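A quick note: this is a predicted structure, and the numbers were derived from the prediction, not measured.
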Amino acid sequence: MTTTPKPTVASPTAGVPVAEPAGTIRLDLSALGIDHRAADFPARFIEFCEQNNLYEMEVNAAGELLILPMTGYKGNKQELYMTTILTNWELLNGGSASSQTVRFRLPSGEIRGPDAAWITQERFDALPEDQWQTVVEGAPDFVVEIRSRTDNLRPLQDKMALWMEAGARLGWLIDARNRRVYIYRAGQPDPQLLDDPETLDGEDVLPGFSFPVRQYIFDLP
């Protein structure tokens, strides 16, 4: 891995409200009599998303439905390359990779979707039918967020902190605008900042996984 280490950068403090991307539309579900912590909410949420599949949606800890801005064609290509290369690794090594359309329910009740993720084979095999069809409980073991043209950095840093606090073991926040990557690791309070790395390493969470971030994210036309 060719990288230039930078000083670590502080993560958001636990308990601080999460910033959302600029242009996010919020809808208070409680005002409609909907409890986002209810056992049947994930199935209802996925059904609603399927009926409105032109929009990307999440739910925050306050019980607000978030309608997120679109990433655009270039952002979609970046996510596609990331997920494709991760899936190719999965086919040889096991576990289950997922794209930006999969949602995970965190202990706070939030339902969030990363740009790419992976869970272990053990977790995948143990998924009950309702989670297999709707929303997976808990954070992914490995999670990726890619900063698109519409994204400010702070909301993505907040979101990465959510993933790690909920149990993710390795996370990459890829800042395509500034050609930087923030590496989040379980048990480390602050991410490591890499300046213009050529590749990223899956470390002990995804042994042997290597992603050419410069080629498929930074230098993408």
Side-chain angles (χ1 to χ4, degrees), residues 1-21 58 60-61 68 75 78-79 81-83 85-86 89-90 95-100 102-108 110-120 123 136-148 151-214 216-218:
M1 180 173 66
T2 303
T3 60
T4 303
K6 292 285 186 179
T8 56
V9 177
S11 299
T13 303
V16 174
V18 175
E20 306 295 351
E58 297 180 342
N60 65 15
L68 305 173
Q78 293 170 337
E79 294 169 354
Y81 285 134
M82 178 73 242
T83 304
I85 294 173
L86 180 60
W89 181 91
E90 171 220 300
S96 180
S98 57
S99 70
Q100 73 277 13
V102 174
R103 294 293 180 264
F104 295 83
R105 195 183 203 187
L106 307 184
S108 61
E110 302 186 52
I111 296 179
R112 297 284 183 169
D115 291 324
W118 175 87
I119 62 173
T120 65
R123 286 184 64 188
V136 178
E137 292 288 340
D141 294 271
F142 169 66
V143 63
V144 181
E145 297 287 353
I146 303 173
R147 185 183 184 188
S148 72
D151 288 327
N152 292 323
L153 187 58
R154 175 59 191 274
L156 290 176
Q157 290 174 321
D158 285 359
K159 194 174 180 182
M160 286 301 305
L162 285 178
W163 292 125
M164 302 310 295
E165 289 164 7
R169 294 189 288 144
L170 177 66
W172 298 345
L173 169 50
I174 301 175
D175 181 356
R177 289 194 206 173
N178 296 311
R179 304 179 70 93
R180 291 178 171 179
V181 179
Y182 299 80
I183 307 294
Y184 292 75
R185 300 179 179 92
Q188 296 184 7
D190 301 318
Q192 179 187 10
L193 176 58
L194 305 179
D195 188 23
D196 196 23
E198 181 176 352
T199 61
L200 300 175
D201 192 320
E203 302 180 10
D204 60 344
V205 178
L206 298 94
F209 177 58
S210 178
F211 178 67
V213 64
R214 188 180 296 170
Y216 290 111
I217 303 291
F218 298 153

Subject >> Pairwise distance CZ(Arg214) to CZ(Arg179) - rounded to 0.5 angstrom >> reply: 6.5 Å

**OP:** Would you name the heavy atoms of Pro114 and Pro140 that are closest together and state the gap between them?
**Re:** CG-CG, 4.5 Å

**OP:** In sequence, state the C-alpha distance, the side-chain angles, and the governing distance for Val136 and Arg123, and then conclude on side chain to side chain contact (heavy atoms under 4.5 Å, CB included).
**Re:** CA-CA 10 Å; Val136 178; Arg123 286 184 64 188; 4.1 Å; yes

**OP:** Taking the side chain as every heavy atom from C-beta outward, state whether Arg177 and Arg147 have any pair of such atoms under 4.5 Å apart.
**Re:** yes

Subject >> Main-chain N/O of Thr120 paired to Asp141 side chain as donor or acceptor, under 3.5 Å >> reply: yes

Original post:
With Phe218, which residues qualify under ring pair (Phe, Tyr, Trp, His ring centres under 6.0 Å), at least two apart?
Top reply: none

**OP:** May I have the step-by-step check of side chain to side chain contact (heavy atoms under 4.5 Å, CB included) for Val144 and Thr83, ending in yes or no?
**Re:** CA-CA 9 Å; Val144 181; Thr83 304; over 6 Å; no

Original post:
To the nearest 0.5 Å, how far apart are OG in Ser108 and CG in Asn60?
Top reply: 8.5 Å

Subject >> Closest approach of Ala97 to Leu86 (non-hydrogen atoms, all atoms of both residues) >> reply: CB-CG, 3.8 Å

Original post:
Considering only heavy atoms from C-beta outward, does the side chain of Ile183 approach that of Glu203 to under 4.5 Å?
Top reply: yes

Subject >> Nearest-0.5 Å distance that lies between atom CD in Glu79 and atom OG in Ser99 >> reply: 8.5 Å

Original post:
Hey, are Glu20 and Lys159 close enough for a salt bridge, meaning a charged N less than 4.0 Å from a carboxylate O?
Top reply: no

Subject >> Minimum heavy-atom distance Pro191-Tyr182, with the two atoms named >> reply: CB-CB, 4.2 Å

Original post:
To the nearest 0.5 Å, how far apart are CE in Met82 and CD1 in Ile146?
Top reply: 7.0 Å

Original post:
So how far is it from Ile111 CD1 to Arg103 CZ, rounded to the nearest 0.5 Å?
Top reply: 9.0 Å

Subject >> Beyond-backbone contact of Glu58 with Leu68, side-chain heavy atoms, under 4.5 angstrom >> reply: yes

**OP:** Measure across Ala139 and Ala168 and return the closest heavy-atom pair with its distance rounded to 0.1 Å.
**Re:** CB-N, 3.8 Å

Original post:
Is Met164 close to Gln188 at the side-chain level, that is, under 4.5 Å between some pair of heavy atoms?
Top reply: no

Original post:
Do Arg112 and Leu162 have side chains that get closer than 4.5 Å, going by heavy atoms?
Top reply: yes

Original post:
Given Leu156 and Met160, is the side chain to side chain contact (heavy atoms under 4.5 Å, CB included) satisfied, shown in steps?
Top reply: CA-CA 6 Å; Leu156 290 176; Met160 286 301 305; 5.5 Å; no

Original post:
Do Ser98 and Phe104 have side chains that get closer than 4.5 Å, going by heavy atoms?
Top reply: yes

**OP:** Could you label the plane-to-plane angle of the Phe211 and Phe209 rings as parallel, tilted or perpendicular, counting under 30° as parallel and over 60° as perpendicular?
**Re:** parallel

Original post:
Tell me, do Asn178 and Asp175 make a side-chain contact under 4.5 Å, heavy atoms counted?
Top reply: yes

**OP:** Quickly, which of Leu170, Val143, Leu173 forms a side chain to side chain contact (heavy atoms under 4.5 Å, CB included) with Tyr184? Name it, please.
**Re:** Leu173

Original post:
Less than 4.5 Å apart, any side-chain heavy atom of Trp172 and any of Glu145?
Top reply: no

**OP:** Please assess Tyr216 against Ile85 for the test side chain to side chain contact (heavy atoms under 4.5 Å, CB included), listing each intermediate value before the final yes or no.
**Re:** CA-CA 10 Å; Tyr216 290 111; Ile85 294 173; 3.7 Å; yes

Original post:
Got a second to check how far Phe142's CZ is from Ile119's CD1, nearest 0.5 Å?
Top reply: 13.5 Å

